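The structure appears below as structure tokens.
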Number of protein chains: 2
Amino acid sequence: MAAVVAPDGLVRSSIYEVLRQRFVTGRMAPGSTLSTRSVALELGTSQMPVREALGRLAAEGAVEIRSKRRIVVPRMTVQRFEDLLRCRELLEPEAAVAALDYIDAACLARLELIDEAIGIALANNDVDRYMQENYNFHFTIYRSSPCSTMSQLIETLWLQFGPYMRVVYDSMHTVLLVDQHQLAVSALRAKDAEKLRGAIRADIRDGMGLIGVNSFGTGS
Amino acid sequence: MAAVVAPDGLVRSSIYEVLRQRFVTGRMAPGSTLSTRSVALELGTSQMPVREALGRLAAEGAVEIRSKRRIVVPRMTVQRFEDLLRCRELLEPEAAVAALDYIDAACLARLELIDEAIGIALANNDVDRYMQENYNFHFTIYRSSPCSTMSQLIETLWLQFGPYMRVVYDSMHTVLLVDQHQLAVSALRAKDAEKLRGAIRADIRDGMGLIGVNSFGTGS
DNA sequence: GTCAAGAATCTGAGATCTCAGATAGAACGA
DNA sequence: TCGTTCTATCTGAGATCTCAGATTCTTGAC
């Protein structure tokens, strides 16, 4: 990859953004390791900003600084999965409702465009694209509200289960995934808070619910 | 302060811990600035681990890397306050309920000890001690559950409103604060989930509710 | 006395150096 | 051929150097 060119102070955030995207869209395999040097080499910077970006990701639970001299993408455990699921179910429906008053026609149009892309990705079994657009769909909604702290918390959750969801999706054919987003869009259009809560909840359960307990790795 | 002595890899976390405690207990004034050099000098290390600790605090919203060359403790705004309050009300009651099955007699005893300390701090108008023990009370409960992600999210919230709560408490006499913790303890003892939810919600509303909108700074 | 221009200082950020611990692979002995 | 040990390499972490931008203080002109 080309060197990250950014005028002072932005190198770090650029690197963080690049890595964050990889996590959210599941391009980081659970159990795989990272090194500051290799990422720095790949992105054409020194270790420094990479260290800071990885430090932040570690704080958010996306990576784990394993005892000594090893940065790994943590494997999922039943415990952690349930923990994450519970947090998502608590926060995301409310974040969507909080955004209800701020979704305008332009935003709705954008959401439908994204949903279309999701449909195509599902048909083509394009997991990469699906995860990217699914992320876009949810955060286009959440970030419409002025509750930036809540969006931030939710982002942390996605960062953690992204790598794992990818493993799950890869192990099945994407046509099995039902597109629940239409419900959410119509609830947003109708400004129906309760219906919106239900739609988001259904989407979360649908995406994460198809995971059997035996889907989990050894958790080592 | 004495130099932070720690064998490899722990200097950074030590510094983070020290700073985190200061935020949670409100020893960082909103609007005040920090510099990596001054903190490094104070703690007897180089700038490096301080940078990483501050970077993490910035990611958690506790400090703000203001445009260029300035790290400040952000002032509170009405918007942000409501955002934080909403997140607390969503997460904390559930975190307490999640801990319900894991609170044993020893833990209850510890909670009552903390509550005693809170009573004394309130009587002595000791804001420092009050905030410290109030933090201990809540997180003794939350961290009893295996939902570490949820506790983590809540920690982020406390980090953000800590500095601000201190300002509020300082501007009033602490005897005005009602100690709502007894209710929570008895709900824990009775294993009554609904009562516990109510107690935590009451405690949050009680602590944050006495804040008039005019309590907020200019937000500059 | 007031205000503006310039210099000195401060500060965050990136790069580089170094070190210690950990891992993996090679080599040697049984 | 297998197992143990030793070494070479890798990696995270702290320290130090440097730079550019920003702030602040001084100074000088009006």
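None of the values given here were measured: they were computed from a predicted structure. These values consider heavy atoms only, across backbone and side chains, with no hydrogens, waters or symmetry-generated copies. Here is how names work: the chains are called A, B, and so on, in the same order as the sequence lines, proteins then strands, and each is numbered from 1.
Atom CG of B/L43 and atom C1' of D/dG14 are 14 Å apart (whole Å). The interatomic distance linking A/L41 (CG) with C/dT16 (C1') rounds to 15 Å, in whole Å. Put simply, CD1 on A/I65 is 15 Å from P on C/dA22, counting in whole angstrom units. Note: CD (B/E64) to P (C/dG12) measures 14 Å, nearest angstrom. Residue A/R66 contributes atom CZ, which lies 14 Å from atom C1' of C/dT23 at whole-angstrom precision. B/L54 has its CG atom 15 Å from the P atom of C/dG14, to the nearest Å. The interatomic distance linking B/M48 (CE) with D/dT18 (C1') rounds to 13 Å, in whole Å. Here the P atom of nucleotide D/dA13 and the CD atom of B/E52 are 7 Å apart, to the nearest Å.
Listed in residue order, the members of residues 27-39 of chain B having a heavy atom less than 4.0 Å from DNA chain D come to none.
For the residue pair A/Y16 and A/L57, the shortest heavy atom distance occurs at CE1-CD2, 3.7 Å.
Applying the side chain to side chain contact (heavy atoms under 4.5 Å, CB included) test to A/E17 and every residue at least two apart in sequence or in another chain returns A/R20. In this structure B/E92 satisfies the salt bridge (charged side-chain N to carboxylate O under 4.0 Å, His left out) test together with B/R88, sequence neighbours excluded. With sequence neighbours excluded, the residues forming a ring-ring contact (aromatic ring centres under 6.0 Å, His included) with A/Y142 are A/H138, A/F139, listed by chain and number. Applying the salt bridge (charged side-chain N to carboxylate O under 4.0 Å, His left out) criterion to B/E116, with sequence neighbours excluded, gives no partner residue. For A/D101, the salt bridge (charged side-chain N to carboxylate O under 4.0 Å, His left out) test picks out no residue, with sequence neighbours left out.
Checked by distance alone, B/R51 brings a side-chain donor or acceptor within 3.5 Å of a matching partner on the base of C/dG14.
For B/R12 and D/dA13, the shortest distance from a side-chain N or O to OP1 or OP2 is below 4.0 Å.
For the pair A/S46 and B/I71, nearest-nucleotide mapping onto DNA chain C gives the more 5' position to B/I71.
Salt bridge A/R129/A/E133: present, at least one basic N to carboxylate O contact under 4.0 Å.
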